[in-house]
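Protein chains get the first letters and strands the later ones, always in sequence-line order, with residue 1 at the start of each.
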2 protein chains.
Amino acid sequence: MTTAAQETQVTELLRSRGVRPTRQRVELLAALAEEPNDVTAQSLWRRLREERGSSVGLATVYRTLSLLREQEVVDALTHHGDEVCYRLCSESHHHHLVCRRCHRVVELDGCDLDAWVADAAAVHGFTATAHHLEVEGECARCAAS
Amino acid sequence: MTTAAQETQVTELLRSRGVRPTRQRVELLAALAEEPNDVTAQSLWRRLREERGSSVGLATVYRTLSLLREQEVVDALTHHGDEVCYRLCSESHHHHLVCRRCHRVVELDGCDLDAWVADAAAVHGFTATAHHLEVEGECARCAAS
DNA sequence: CTTCCTGCAAAGCATTTGCATCCAT
DNA sequence: ATGGATGCAAATGCTTTGCAGGAAG
């Protein structure tokens with residue numbers, strides 16, 4: 001459930017990014033904060049309507065997620081190949097570790113690949129500006145079963 | 001242009017993966033081999049029809065690319081976010097360096113991140129089975145202009 | 001021959017957009 | 001008040017699928 005405290009926090013987050021905190025945006029972000037894994041726009045929309053009694057429209061979910069991605073409030077992942085998934089992530093540079101069985105996502109903080117990446121890019125005359133790493137594996141729980 | 005030698009080479013590649021070398025598949029793979037960068041199914045289809053006089057259907061392009069991806073003959077990339085791009089790549093493990101201005105793609109061979117990745121995964125109880133790194137940057141040509 | 005492949009057109013689906021209405025400031 | 005945001009439905013565009021005819025072994 002969404003508590004008043006959570007709503008306030010989410011509202012502040014939106015304000016701090018210059019995004020007007022409308023009811024729908026606050027609802028969406030609060031719901032996203034409670035998702036343990038990444039979700040598609042469609043699944044988040046269904047959850048909002050069916051489990052949270054929101055009357056938000058699908059188009060608004062898309063518009064809001066797109067806006068939040070631009071403001072770097074959420075990360076957009078594409079590891080399932082066909083559809084885009086969203087996730088509320090830490091603000092610092094990090095990578096994702098995804099379980100290939102249960103799709104659980106864990107954040108890998110403390111990336112120290114910058115030097116390696118810069119070197120590899122320089123070999124080809126490139127100046128590296130960003131990098132994205134995704135690690136696929138099996139989590140302990142799935143490996144045990 | 002596609003030479004007879006190229007066609008033979010492409011045909012052998014298909015045979016070696018147990019894929020029946022039909023005319024369309026050979027045409028497609030020969031065309032892909034000449035693409036310097038990654039292409040979408042749509043753009044490859046247009047090029048086949050308009051610049052190579054092929055009468056291949058769009059559905060066949062999708063079907064063939066999908067088949068070749070399963071056989072690991074081509075790599076599927078999603079760096080533009082919305083559409084899937086394909087590319088004929090080296091067979092060994094490698095990563096991609098993409099110019100954010102001109103979208104040129106260079107392969108980064110000799111990845112020695114396995115140890116780093118395995119360690120990072122182990123911290124979270126995961127067993128790493130694969131990893132994908134994409135480096136975004138600016139190529140020398142674009143940086144100069 | 002027989003099986004798999006292809007082209008075409010139609011269908012499917014995620015995402016975007018137009019527009020009248022509504023809400024936050 | 002008033003400009004931006006929303007909901008709905010229609011449109012868009014990539015990708016897949018059904019099916020009759022065609023090619024490969």
Task: Contact under 4.0 Å: B/Thr22 side-chain N or O vs C/dC4 OP1/OP2 - done: no
Task: Contact under 4.0 Å: B/Gln24 side-chain N or O vs C/dG7 OP1/OP2 - done: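 The answer is yes; a side-chain N or O of B/Gln24 sits under 4.0 Å from OP1 or OP2.
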Kindly say whether [Y] contributes a backbone atom to a donor-acceptor pair with the side chain of [X] at under 3.5 angstrom?
| X | Y | value |
| --- | --- | --- |
| A/Thr64 | A/Thr60 | yes |
| B/Arg87 | B/Pro36 | yes |
| A/His131 | B/Glu134 | no |

Rounding to an integer number of Å, can you tell me how far [X] [atom1] sits from [N] [atom2]?
| X | N | atom1 | atom2 | answer |
| --- | --- | --- | --- | --- |
| A/Leu44 | C/dT15 | CG | P | 12 Å |
| A/Leu14 | D/dG4 | CG | P | 18 Å |
| A/Gln42 | C/dT16 | CD | C1' | 12 Å |
| A/Glu27 | C/dA24 | CD | P | 11 Å |
| A/Leu58 | C/dC13 | CG | P | 14 Å |
| A/Trp45 | C/dT15 | CH2 | C1' | 13 Å |
| B/Leu48 | C/dG7 | CG | C1' | 14 Å |
| B/Arg25 | D/dA24 | CZ | P | 11 Å |

Task: Position toward the 5' end of DNA chain C (nearest nucleotide), B/Arg20 or B/Val61 - done: B/Arg20
TODO: Using a cut-off of strictly less than 4.0 Å between a heavy atom of the residue and any atom of DNA chain D, enumerate the qualifying residues of residues 62-71 of chain B by number.
DONE: B/Tyr62, B/Arg63
TODO: Look at all strands and tell whether B/Arg15 reaches a base, only sugar-phosphate, or nothing, counting heavy atoms closer than 4.0 Å.
DONE: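 Since only primed, P, OP1 and OP2 atoms lie under 4.0 Å of B/Arg15, the category is sugar-phosphate.
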Open item on the list: Looking at B/Glu138 and B/Arg100, is there a salt bridge between them, counting it only when a charged N and a carboxylate O are closer than 4.0 Å?
Closed with: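 Judged by the 4.0 Å cut-off on N to carboxylate O distance, B/Arg100 and B/Glu138 do form a salt bridge.
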Task: Salt-bridge contact A/Arg47-A/Glu35 (side-chain N to carboxylate O under 4.0 Å) - done: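 Salt bridge present between A/Arg47 and A/Glu35.
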Open item on the list: Given C/dC8, D/dC8, D/dT15, identify the nucleotide with an atom nearest to the side chain of A/Arg49.
Closed with: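 The nucleotide sitting nearest to the side chain is D/dC8.
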TODO: Tell me which nucleotide among C/dT17, D/dG7, D/dA24 gets nearest to the side chain of A/Val56.
DONE: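 Among the listed nucleotides, the one closest to the side chain of A/Val56 is D/dG7.
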Task: Hydrophobic cluster partners of B/Val123 (side-chain heavy atoms under 4.5 Å) - done: none
Task: Upstream residue (5' side of DNA chain D) when A/Gly57 and B/Tyr86 are each assigned their closest nucleotide - done: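 Nearer the 5' end of the strand: A/Gly57.
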Task: Polar side chain donor-acceptor pair, B/Ser43 to B/Thr40, under 3.5 angstrom - done: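 B/Thr40 and B/Ser43 do have a side-chain donor-acceptor pair below 3.5 Å.
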